[in-house]
Asker: 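Below is a structure I'd like to ask you about.
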Amino acid sequence: MTLQSSHPTVFRQILSKLELSSDEFEDAVAVSAVDLENNALGDDQSQSTVYTNPNALEDADAGNYLNRNQGRDTFLKARIGEGIDDQLATMKKDAVCDCKTVVSAAKEANTMTAYINNLLNYPDEIGVLWRTVRILKDKTLNSNELATSNKEEIATLNGIELITSSMSSFPNHEGLNMLGIKTLGNLAFNNNDNRARIGQKNGVDVVLDAMSVFIKKVDLCGCGCVTLTNIAHTDDNNKRIIVNRGGLEKILDAMQEFVDDFDLQKKAVWSILTISAEPSCARRCASSGCVGAILAAMLNFSSDASICYFSIWALCNICAGGGEVCVFM
């Protein structure tokens with residue numbers, strides 16, 4: 001059995017990623033198989049991700065079958081990279097679970113319970129998770145009456161814990177983490193109870209972890225700063241949690257990584273000014289290098305009134321943290 005016949009959906013997804021037709025793929029594999037035949041295979045055959053057990057085949061055919069499947073594996077890894085094992089596993093799960101059908105059923109029911117049950121019942125299905133979290137993000141946007149009701153119901157159904165758990169389970173999945181960060185930000189916005197619960201239920205940690213893993217992704221880091229702002233707003237305990245978990249350093253890392261990005265700098269400064277409203281956090285802002293980062297943002301974007309306004313506000317908060325802060329100014 002070949003990959004084409006055993007997992008046709010996976011095979012089509014791979015070809016699409018490679019931008020190859022079936023014929024082009026087979027021609028390339030034929031070349032790889034010839035190269036394999038000229039080298040000793042060794043006893044360890046576990047390295048092939050495409051190979052399926054050929055015990056039912058005759059010995060001679062089994063050898064040829066193994067060569068050809070290893071040829072496919074070599075070719076795929078060369079084109080996609082060594083991450084093919086994880087990508088194949090993820091795509092196979094999508095094919096087996098039929099994630100779109102699962103999510104479509106929840107959309108048809110269109111209740112928070114149906115969406116939260118997806119997170120609860122399919123914790124290992126990345127296709128179900130990111131599609132469901134995307135819906136929750138949209139359902140909690142803004143502060144109209146429906147969104148406010150959805151936020152409260154999601155929290156009651158332990159949705160916050162399930163979102164953070166999903167993000168923790170797939171720390172390297174950019175899409176899920178981006179959507180999770182936005183959803184947590186929406187849930188915290190203008191909702192003190194959710195804000196406190198996010199701080200208590202690992203919400204800060206998953207946001208900071210994602211910012212660390214995807215430090216080269218400006219959009220994700222920017223969303224992370226906004227969500228940290230929403231989590232910290234009016235909640236001094238969350239401000240301290242963010243600081244104690246290394247949140248200031250993550251914000252400063254993003255500012256240094258994207259020093260010329262106006263949007264990121266503005267969101268980061270806003271996050272710092274929110275966190276620095278708590279006295280002990282203000283002192284940490286000063287000792288962590290936030291003053292220099294804020295001044296740099298002001299100098300780099302001196303023609304923009306909004307970033308200068310937020311920067312001055314942040315500096316005022318930091319100064320208000322105590323007399324000893326002045327030595328950093």
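None of these values were measured; they are calculated from a predicted model.
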Asker: Can you check whether Lys137's main-chain N or O pairs, donor with acceptor, with Thr140's side chain at less than 3.5 Å?
Answerer: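 Yes, the answer is positive, given that a donor and an acceptor are paired below the 3.5 Å cut-off.
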Asker: What donor-acceptor contacts under 3.5 angstrom involve side-chain atoms of residues 310-321, with partners at least two apart or in another chain?
Answerer:
| residue | atom | partner | partner atom | Å |
| --- | --- | --- | --- | --- |
| Ser311 | OG | Ile307 | O | 2.7 |
| Asn317 | ND2 | Leu273 | O | 2.7 |

Asker: Using side chain to side chain contact (heavy atoms under 4.5 Å, CB included), reason through Ile163 and Leu119 one step at a time and then give a plain yes or no.
Answerer: CA-CA 7 Å; Ile163 291 169; Leu119 303 184; 4.0 Å; yes
Asker: Would you say that Glu257 contacts Cys221 through its side chain, given a criterion of any heavy-atom pair below 4.5 Å between the two side chains?
Answerer: no
Asker: Would Phe170 and Val206 show up in the same hydrophobic cluster when neighbours are defined by side-chain heavy atoms closer than 4.5 Å?
Answerer: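 Hydrophobic grouping puts Phe170 with Val206.
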Asker: Output the distance between atom NZ (Lys151) and atom CZ (Arg195), rounded to the nearest 0.5 Å.
Answerer: 9.0 Å
Asker: Side chains of Met255 and Val269: closer than 4.5 Å at any heavy-atom pair?
Answerer: yes
Asker: Please report the shortest heavy-atom distance between Gly199 and Ile241, naming the atom on each side.
Answerer: O-CD1, 3.6 Å
Asker: Within the side chain of Gln265, is there an N or O that forms a donor-acceptor pair under 3.5 Å with the backbone of Phe258?
Answerer: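 Answer holds: yes.
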Asker: Could you pull out the closest heavy-atom pair between Arg131 and Cys99, with the gap in Å?
Answerer: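 Taking every non-hydrogen atom into account, NH1-CB, 3.7 Å.
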Asker: Test of understanding: clusters of I, L, V, M, F, W, Y form through side-chain heavy atoms closer than 4.5 Å, transitively. Do Tyr309 and Leu295 belong to the same one?
Answerer: yes
Asker: Taking Asn144 for its side chain and Leu146 for its backbone only, find out whether a donor-acceptor pair lies under 3.5 Å.
Answerer: yes
Asker: Could you check whether any side-chain heavy atom of Ile116 comes within less than 4.5 Å of a side-chain heavy atom of Asn158, counting everything from C-beta outward?
Answerer: no
Asker: If you compare all heavy atoms of His173 against all heavy atoms of Leu176, which two are closest, and at what distance to 0.1 Å?
Answerer: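 Result for this residue pair: ND1-N, 3.0 Å.
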Asker: Kindly indicate, with the supporting measurements, whether the criterion side chain to side chain contact (heavy atoms under 4.5 Å, CB included) is fulfilled by Cys285 and Leu248.
Answerer: CA-CA 7 Å; Cys285 285; Leu248 291 175; 3.7 Å; yes
Asker: What are the two closest non-hydrogen atoms of Ile272 and Cys290, and how far apart are they?
Answerer: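 Where Ile272 meets Cys290 most closely, the heavy atoms are CD1-SG, 4.0 Å.
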Asker: Could you give the distance from CG (Asn186) to CG (Asn142), rounded to the nearest 0.5 Å?
Answerer: 8.0 Å
Asker: Taking NZ in Lys266 as the centre, count heavy atoms belonging to other residues, nucleotides or ligands within less than 6.0 Å. Is the count above 12?
Answerer: yes
Asker: Quick one, Leu228 with Lys250, criterion side chain to side chain contact (heavy atoms under 4.5 Å, CB included). Give me CA distance, side-chain angles, the key distance, then yes/no.
Answerer: CA-CA 11 Å; Leu228 291 175; Lys250 295 295 190 299; 5.9 Å; no
Asker: Donor-acceptor pair, distance only, cut-off 3.5 Å: does the side chain of Ser168 make one with the backbone of Thr164?
Answerer: yes
Asker: Is Lys267 paired with Asp263 through a side-chain N to carboxylate O contact shorter than 4.0 Å?
Answerer: yes
Asker: So how far is it from Leu184 CG to Asn202 CG, rounded to the nearest 0.5 Å?
Answerer: 10.0 Å
Asker: Spell out, yes or no, whether Leu141 and Val207 are grouped together once hydrophobic residues are joined by side-chain heavy atoms under 4.5 Å, including indirect joins.
Answerer: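 No, Leu141 and Val207 fall in different hydrophobic clusters.
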Asker: Distance-only, no hydrogens or angles: does the Ser165 side chain make a donor-acceptor pair with backbone N or O of Glu161 under 3.5 Å?
Answerer: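 Not confirmed, Ser165 side chain does not pair with Glu161 backbone.
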Asker: Please evaluate residues Val243 and Arg240 with respect to the criterion side chain to side chain contact (heavy atoms under 4.5 Å, CB included), reporting the C-alpha separation (whole Å), side-chain torsions for both, the decisive distance (0.1 Å), and the verdict.
Answerer: CA-CA 5 Å; Val243 169; Arg240 289 187 287 269; 5.7 Å; no
Asker: Going from CG on Asp205 to CD1 on Ile198, what distance comes out if it is rounded to the nearest 0.5 angstrom?
Answerer: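 The CD1 atom of Ile198 is 13.0 Å from CG of Asp205, to the nearest 0.5 Å.
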Asker: So which atom in Leu252 and which in Ser288 form the shortest heavy-atom distance, rounded to 0.1 Å?
Answerer: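 Heavy atoms of Leu252 and Ser288 come nearest at CD1-O, 3.2 Å.
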Asker: Between Ser149 (side chain) and Glu145 (backbone), is there a donor-acceptor pair under 3.5 Å?
Answerer: no
Asker: Just by modelled atom types, is the Thr229 backbone N or O under 3.5 Å from a matching donor or acceptor in the Thr274 side chain?
Answerer: no
Asker: For atom CZ of Phe301, is the number of surrounding heavy atoms from other residues, nucleotides or ligands below 6.0 Å larger than 12?
Answerer: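 Yes, because the 6.0 Å sphere around CZ of Phe301 holds more than 12 heavy atoms from other groups.
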Asker: Take a 6.0 Å sphere around CD of Gln256 and say whether it holds more than 12 heavy atoms from other residues, nucleotides or ligands.
Answerer: no
Asker: Is there a side-chain contact between Leu136 and Met112, using heavy atoms and a 4.5 Å cut-off?
Answerer: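 They are in contact (side-chain heavy atoms under 4.5 Å apart), so the answer is yes.
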Asker: Met211 versus Cys225: any side-chain heavy-atom pair under 4.5 Å?
Answerer: yes
Asker: Do Glu153 and Thr111 come within less than 4.5 Å of each other through their side chains, counting heavy atoms only?
Answerer: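 No, too far: nothing below the 4.5 Å cut-off.
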Asker: Working to the nearest 0.5 Å, report the span between CG of Leu179 and CG of Leu129.
Answerer: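 Separation between the atoms: 11.0 Å.
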Asker: Return the minimal non-hydrogen interatomic distance between Ala210 and Asn177, and the atom names on each side.
Answerer: CB-OD1, 3.8 Å
Asker: Using a strict cut-off of less than 4.0 Å between a Lys/Arg side-chain nitrogen and an Asp/Glu carboxylate oxygen, indicate whether Lys239 and Asp236 qualify as a salt bridge.
Answerer: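 Looking at Lys239 and Asp236, the cut-off is met.
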Asker: Check for me, please, whether Val226 and Phe214 land in the same ILVMFWY cluster - side-chain distances under 4.5 Å, paths through other members count.
Answerer: no
Asker: Less than 4.5 Å apart, side chain to side chain, heavy atoms only: is that true for Asn118 and Ile135?
Answerer: no
Asker: Taking atom types as modelled, is there a side-chain donor on Asn194 or Arg197 under 3.5 Å from an acceptor on the other?
Answerer: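 The answer is no; no qualifying pair exists.
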Asker: For the hydrophobic clusters of this structure (ILVMFWY residues joined by side-chain heavy atoms under 4.5 Å, transitively), does one cluster hold both Val218 and Ile215?
Answerer: no
Asker: Between the side chain of Asn230 and the main-chain N/O of Phe189, is any donor-acceptor distance below 3.5 Å?
Answerer: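 Here the side-chain-to-backbone pair does not exist.
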Asker: Quick one: does any side-chain atom of Asn191 pair with a main-chain N or O of Ser143 as donor and acceptor, under 3.5 Å?
Answerer: no
Asker: If only atom types and distance count, is the side chain of Glu278 paired as donor or acceptor with the main-chain N or O of Ser280 below 3.5 Å?
Answerer: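 Here the side-chain-to-backbone pair exists.
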Asker: With rounding to the nearest 0.5 angstrom, report the CG to CE distance, Asp209 to Met167.
Answerer: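 Rounded to the nearest 0.5 Å, the CG-CE separation comes to 8.5 Å.
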Asker: So, do Ser306 and Trp270 sit near enough that their side-chain heavy atoms are less than 4.5 Å apart?
Answerer: no
